[in-house]
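Read the structure below first, then the notes.
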There are 2 protein chains.
Amino acid sequence: MGIAPSSRCRPAAQFQMVAQAKKARKETSLDTTEPGPEGRKAPTRKPRADSVRNRERLLDTARQVFAAGGSGASLEAVAKGAGVGIGTLYRHFPTREALFQAVYEREVDELVTLAETISEGVDAVTAMRRWLHGLVRMVATKRGMLTALEPALESSQPLFSNSTARLLQAAGVLLQRGVADGMIRDDVSGEDMMRAVLGICYAKQDDGWQARTILLLDVFVDGLASRR
Amino acid sequence: MGIAPSSRCRPAAQFQMVAQAKKARKETSLDTTEPGPEGRKAPTRKPRADSVRNRERLLDTARQVFAAGGSGASLEAVAKGAGVGIGTLYRHFPTREALFQAVYEREVDELVTLAETISEGVDAVTAMRRWLHGLVRMVATKRGMLTALEPALESSQPLFSNSTARLLQAAGVLLQRGVADGMIRDDVSGEDMMRAVLGICYAKQDDGWQARTILLLDVFVDGLASRR
DNA sequence: TTGCTAAACGGAGGGACCCTCCGTATATTA
DNA sequence: TAATATACGGAGGGTCCCTCCGTTTAGCAA
């Protein structure tokens with residue numbers, strides 16, 4: 001019910017999370033090509049098949065559950081939907097954030113790809129505008145996406161996740177193009193911009209939502225493009 | 001954790017709230033000069049002293065608790081802090097929102113007053129810029145304020161609260177001045193603007209927060225001021 | 001003052017979730 | 001096939017939500 005679909009908060013849990021966040025890390029980055037900084041002692045076993053399968057199921061289910069119910073959706077519902085115990089869910093994704101991150105990594109990928117392809121043969125401001133329109137369209141389609149992008153703005157994590165960094169960088173590149181051409185002011189960073197953009201995207205998605213949001217983003221881009 | 005300090009959501013509670021929202025109304029508007037549309041039958045009793053006192057205490061405590069912990073803060077903490085039972089809290093403020101609304105009505109008052117006084121003798125765009133800077137300063141001071149303003153963007157309520165309406169109107173008036181002078185585009189409503197502005201104000205409040213936010217709002221205002 | 005009674009109080013209680021812990025089950029490997 | 005490193009599941013303790021109802025008390029009239 002918050003400003004996003006149902007979204008937000010999670011009362012006092014955050015205090016425990018602080019303590020917990022550390023021992024998380026490990027399992028989350030299962031796919032980052034990281035053969036191990038320390039030379040593995042034993043020639044580690046192959047990961048168990050059921051583990052891999054469950055992880056996949058959890059991700060699939062989480063995607064659906066979050067899309068339907070916002071980030072506030074129950075983790076227990078995700079576990080049940082995936083047909084695994086709650087313990088299994090927590091083992092794979094020690095924090096709520098870890099799960100989000102894993103689920104929506106792909107969404108971010110789409111955005112990054114879009115940023116790369118969209119700027120072909122148009123001026124920087126137009127490219128920026130198109131990218132943001134694309135972003136709105138994607139957010140409109142998959143309501144969970146905003147939730148996923150939210151952590152991109154969290155400065156709490158010491159060094160943000162891979163996909164966050166890539167997202168911010170994609171924004172930064174688009175900005176830079178404009179700056180280089182003298183079409184966009186140079187005092188706004190990719191992070192700044194994404195904060196404003198995602199902020200504008202929040203809010204209840206009622207009828208005219210998409211059109212209004214695009215208008216507001218255009219206004220913002222106009223502001224970016226106004227030299228002063 | 002959310003984008004706001006701790007903020008947001010309230011898992012599944014919202015379902016019950018739907019059913020509950022109706023019987024709320026009444027007590028909340030205790031101070032709106034409303035002598036009663038229907039002629040009172042019996043010459044109603046004077047409200048009990050303890051009731052008035054408790055209501056006041058709850059508001060005071062809630063102000064502090066929300067400021068410290070965001071809107072996600074426990075209502076039970078508020079009740080305990082005020083030295084009353086949880087039941088008493090719920091009798092006075094049947095929904096979480098009712099409590100917010102009552103607590104922050106005054107904050108909105110400040111904003112509205114600011115909007116009225118700030119536009120003395122300056123052009124419309126400058127007035128708008130100053131008002132937004134003032135808003136950021138206020139948000140920075142009282143962290144709970146954003147939480148309070150959030151419902152301003154909820155289109156869920158059939159007709160929004162009094163203070164919400166006044167806030168949006170204040171924004172609208174500032175906009176109109178600029179439109180009349182031809183300095184501000186005419187296709188953005190007060191509601192649109194507040195959505196963008198409050199959206200931009202969200203996000204973790206880390207060190208450079210205030211300065212960055214002001215920059216982003218300036219960019220937005222530049223966008224508003226660019227005729228096209 | 002004293003009683004009466006409407007109004008207000010408080011907190012137990014049933015639910016939903018959160019996250020942890022640990023005994024049990026099983027996929028890999030030898 | 002046996003040994004064992006891994007993974008599984010869910011009970012359990014905790015927080016918070018909101019409702020319900022027996023108890024207390026402030027206003028008012030006698």
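By convention in this document, chain letters (A, B, ...) are assigned in the order of the sequence lines, proteins followed by strands, and residues within each chain are numbered from 1.
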Whole angstrom value for the distance that separates P of D/dC21 from CD1 of B/I86: 18 Å
Rounded interatomic separation in angstrom, taking CZ from B/F93 and P from D/dT19: 16 Å
Minimum side-chain heavy-atom gap B/H133-B/D218 below 4.5 Å: yes
Whole-Å gap separating P (C/dG10) and CG (B/D50): 8 Å
Distance below 4.0 Å between A/H92 side-chain N/O and D/dC8 OP1 or OP2: yes
base_contact_polar (C/dT28 base, A/R45 side chain, donor-acceptor, <3.5 Å): yes
Side chains of B/D109 and B/R166 in contact at under 4.5 Å (non-hydrogen atoms): yes
Nearest-angstrom distance from the residue atom CZ of B/R91 to P of C/dC9: 5 Å
Of B/A49 and B/E76, the one whose closest DNA chain D nucleotide lies more 5': B/E76
Test item: side-chain donor near acceptor, A/S51 and A/N54, under 3.5 Å: no
B/N54 side-chain N/O to C/dA8 phosphate OP1/OP2 under 4.0 Å: no
Sugar-phosphate only, base, or nothing, as touched by A/S51 at under 4.0 Å among non-hydrogen atoms: sugar-phosphate
5'-most by nearest nucleotide on DNA chain C - A/L75 or B/R48: B/R48
A/T88 side chain near D/dG9 phosphate (N/O to OP1/OP2, under 4.0 Å): yes
B/L59 vs B/L99 side-chain heavy atoms within contact, under 4.5 Å: yes
